[in-house]
Amino acid sequence: MHASDFLDTKIEYLKGVGPQRAELLRKELGISDFAGLLNHYPFRYVDRSKFHSISNLTEDLPYVQVKGTISRISVHGGKRPSRMTAIVSDGTGQLELVWFKGIRWFRDSIKAGTEYIVFGKPGFFNGRFNMIHPEMEEAAKAEQQMGPSLTGVYSTTEKCRTSGLDSKGIQRLVKTLLLQWKSPLPETLNSDILQRYKLIPLREAITGIHLPAGEQQLAAAQYRLKFDELFFIQLRLLKAKWSRQQAYKGKPVDKIGEVFNVFYNTHLPFELTGAQKRVLKEIRQDMGSGKQMNRLLQGDVGSGKTMVALLSMLMVLDNGYQACLMAPTEILANQHFQSITEALREMDIRVGLLTGSTKSSHRKFLLEELNAGRLQILVGTHALIEDRVQFSNLGLVVIDEQHRFGVQQRARLWKKDELVPHVLVMTATPIPRTLAMTLYGDLDTSVIDELPPGRKPIRTIHRTEDHRLAVFGFLKEEIAKGRQVYIVYPLIEESEKLDYTNLMQGYDTICREFPLPQYQVSIVNGRMKAADKDFEMNRFKEGKAHIMVATTVIEVGVNVPNASVMVIESAERFGLSQLHQLRGRVGRGAEQSFCILMTGSKIGNDARLRMRTMCDTNDGFKIAEVDLELRGPGDLAGTQQSGVLDLQIANLAKDQRILELAREAAIAVLSKDERLMLPENSMLANQLKRMDEADANYSRVS
Ligand code: ADP
Ligand code: MG
């Protein structure tokens with residue numbers, strides 16, 4: 001039997017599975033064959049020789065193991081019992097165990113007065129700790145068959161659990177499978193890499209990850225599998241990048257001409273920062289190299305990415321090409337259009353704006369001008385990707401993104417022409433290096449690590465509801481000094497209605513607290529017509545309104561230097577990068593700016609850490625690191641659509657070192673054998689092919 005035949009065997013043919021459990025495994029856990037089960041790694045490990053004492057339990061503990069004696073078993077709910085409880089005591093305290101399902105079976109099998117090892121997630125209810133549907137094992141029995149002390153904990157679901165597929169149940173299946181698995185497993189990495197990076201063989205790693213003999217073997221297994229995962233992601237990204245560089249010549253942008261020079265020498269509103277200059281140089285070198293540029297521009301909120309984008313576009317114009325700038329929202333596209341038109345007002349350059357709400361007659365006009373090459377810069381939203389948008393000679397695409405454009409969409413932009421345009425991707429907020437390497441590993445990176453001069457760091461404070469009056473008092477003082485204030489409410493995604501109510505109630509309170517005619521309050525929300533939104537925004541921009549009440553629509557784009565206070569309501573509902581992005585709306589003028597995070601007095605630990613991080617630092621890169629640690633990459637704003645981040649075992653917050661080694665290894669391989677044609681690299685090529693096939697299948701089903 002070939003290894004692959006064995007691993008492809010349907011899961012129902014495993015001893016102990018059968019059709020009903022097979023269905024559950026497939027539906028609930030996505031496991032349909034032997035390979036699927038082997039790839040279902042434990043998500044953590046418990047040391048079976050260690051027990052938690054009940055008196056030390058806390059609510060936010062993950063799964064714990066407790067050893068104690070069972071008493072007071074009681075079944076509630078008459079003839080058709082709906083709940084069973086029991087108490088376990090370990091001498092330090094008592095813990096209530098609760099069952100809602102399988103009650104008859106548990107009632108008959110659990111014995112009072114006997115010592116058990118109880119495993120589960122502690123919760124807190126009615127003033128005491130409990131554990132719902134714990135895993136139970138008689139202590140005496142467990143001690144007899146005490147094998148290695150580290151045991152994997154598998155993720156499972158409630159439905160699986162009631163059919164005996166709790167963590168232990170899954171582990172039993174894995175054991176059965178490993179015993180039965182005699183056929184060899186082909187290596188994915190060649191011996192060169194295995195040796196250089198001291199990696200254990202794949203087969204050993206898979207056994208070790210499920211049934212580690214000890215800490216050391218577990219660590220070796222994890223290292224091997226993490227390396228594997230990260231290596232192939234890097235290999236794939238880098239190979240794509242290199243072959244693209246071979247395949248596509250860039251449009252030569254080799255001269256700096258009149259447009260750029262006139263603007264730079266006479267209309268630039270400020271001196272560029274050192275970082276802006278350095279990045280511009282990198283861009284210029286790229287675009288002049290004869291290769292196509294694919295560059296990621298990272299910089300903190302307010303670091304001046306827009307000006308870098310504009311200057312890059314002007315370079316391209318000087319060489320006879322058009323340029324476009326694509327933004328994630330209409331508001332942001334509008335804002336870019338306005339600031340670019342404003343910056344270029346003394347110059348003879350034709351700039352257009354194309355969004356979803358551009359009137360069709362005007363759109364028709366724009367598209368004709370674009371096609372004829374008379375329109376030089378086009379700013380817009382996703383509308384720019386539509387097929388009918390045909391440039392005459394597009395030289396540069398700038399994407400101002402909140403990680404919202406996928407690789408696919410970036411690729412579509414290139415297809416607008418035979419010679420592909422240069423691409424500059426700007427992130428709205430910084431992302432950690434590891435994430436950038438994984439998400440944008442096919443791009444070169446530039447970083448603006450310096451803010452324009454004269455900015456005072458924003459002071460951030462966290463206040464609870466009981467300080468609201470004092471906060472309002474502070475706002476009045478600032479307004480009396482001639483400043484303006486934002487008050488932002490969260491978007492509640494599950495309930496747009498609740499969202500709206502919340503905002504309108506807040507608005508009422510504020511209008512009462514800040515009465516006319518002394519105070520003018522603007523409001524912007526998602527239900528307003530575009531014209532009304534513009535009207536309200538402009539009132540604030542022109543300084544006619546003192547306070548702007550809004551949902552997160554102002555998160556991007558709005559630039560009102562005189563606004564110096566940002567109040568974020570229900571701040572605990574926002575993620576870190578969003579809080580940072582919102583805060584970046586102030587601190588744009590010369591005045592001392594403030595950000596006030598309002599929350600209830602009872603907030604969870606994560607929320608507390610987010611508030612503390614915001615108060616402690618203004619550094620977007622630091623904030624991004626904490627965000628990654630707290631939420632994991634999959635939950636960072638807008639990254640969900642990127643399959644790259646469905647990592648099985650590696651952790652981008654923690655495995656930075658392994659990622660760097662893996663990337664180094666991938667570069668070493670490709671620099672000797674760019675197309676993976678050498679025999680010693682055939683296994684690498686095969687693995688990439690498997691990944692491509694898996695992706696193709698995935699996109700077919702989803
Ligand atoms: P972001 O990087 O967040 O997109 P922007 O490009 O919107 O930042 O720039 C923020 C503000 O800083 C804008 O008002 C811009 O005009 C101003 N700015 C940019 N570069 C400089 C500079 N070198 N000196 C002074 N102000 C600058
Ligand atoms: Mg910007």
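In listed order, ligands and their atoms are each counted from 1. Hydrogens, waters and symmetry mates play no part in the numbers below; they use all other heavy atoms, side chains included.
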Kindly assign one of parallel, tilted or perpendicular to the pair Tyr486 and Phe540, based on the angle between their ring planes and the thresholds 30° and 60°.
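Ring orientation of Tyr486 relative to Phe540: tilted.
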For the residue pair Phe260 and Tyr264, categorise the inter-ring angle as parallel (less than 30°), tilted (30 to 60°) or perpendicular (more than 60°).
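Answer is parallel, since the angle falls under 30°.
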Can a salt bridge be assigned to the pair Lys481 and Glu477 using a cut-off of 4.0 Å between side-chain N and carboxylate O?
no
Ligand 1: which residues have a non-hydrogen atom closer than 4.0 Å?
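Contacting ligand 1 under 4.0 Å are Phe270, Glu271, Leu272, Thr273, Gln276, Asp300, Val301, Gly302, Ser303, Gly304, Lys305, Thr306, Pro452, Arg455, Asn559, Arg588.
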Where at least one partner belongs to residues 446-455, residue pairs that pass side chain to side chain donor-acceptor pair (under 3.5 Å), sequence neighbours excluded
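Qualifying pairs, neighbours excluded: Glu282-Ser446, Arg295-Ser446.
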Quick test of your reading: applying side chain to side chain donor-acceptor pair (under 3.5 Å), list the pairs with at least one residue in residues 268-277, sequence neighbours left out, ordered by first then second residue.
Glu271-Lys277, Thr273-Gln276
What salt bridge (Lys or Arg N to Asp or Glu O under 4.0 Å) pairs are there with at least one residue in residues 348-359, not counting sequence neighbours?
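Sorted result for residues 348-359: Arg350-Glu369.
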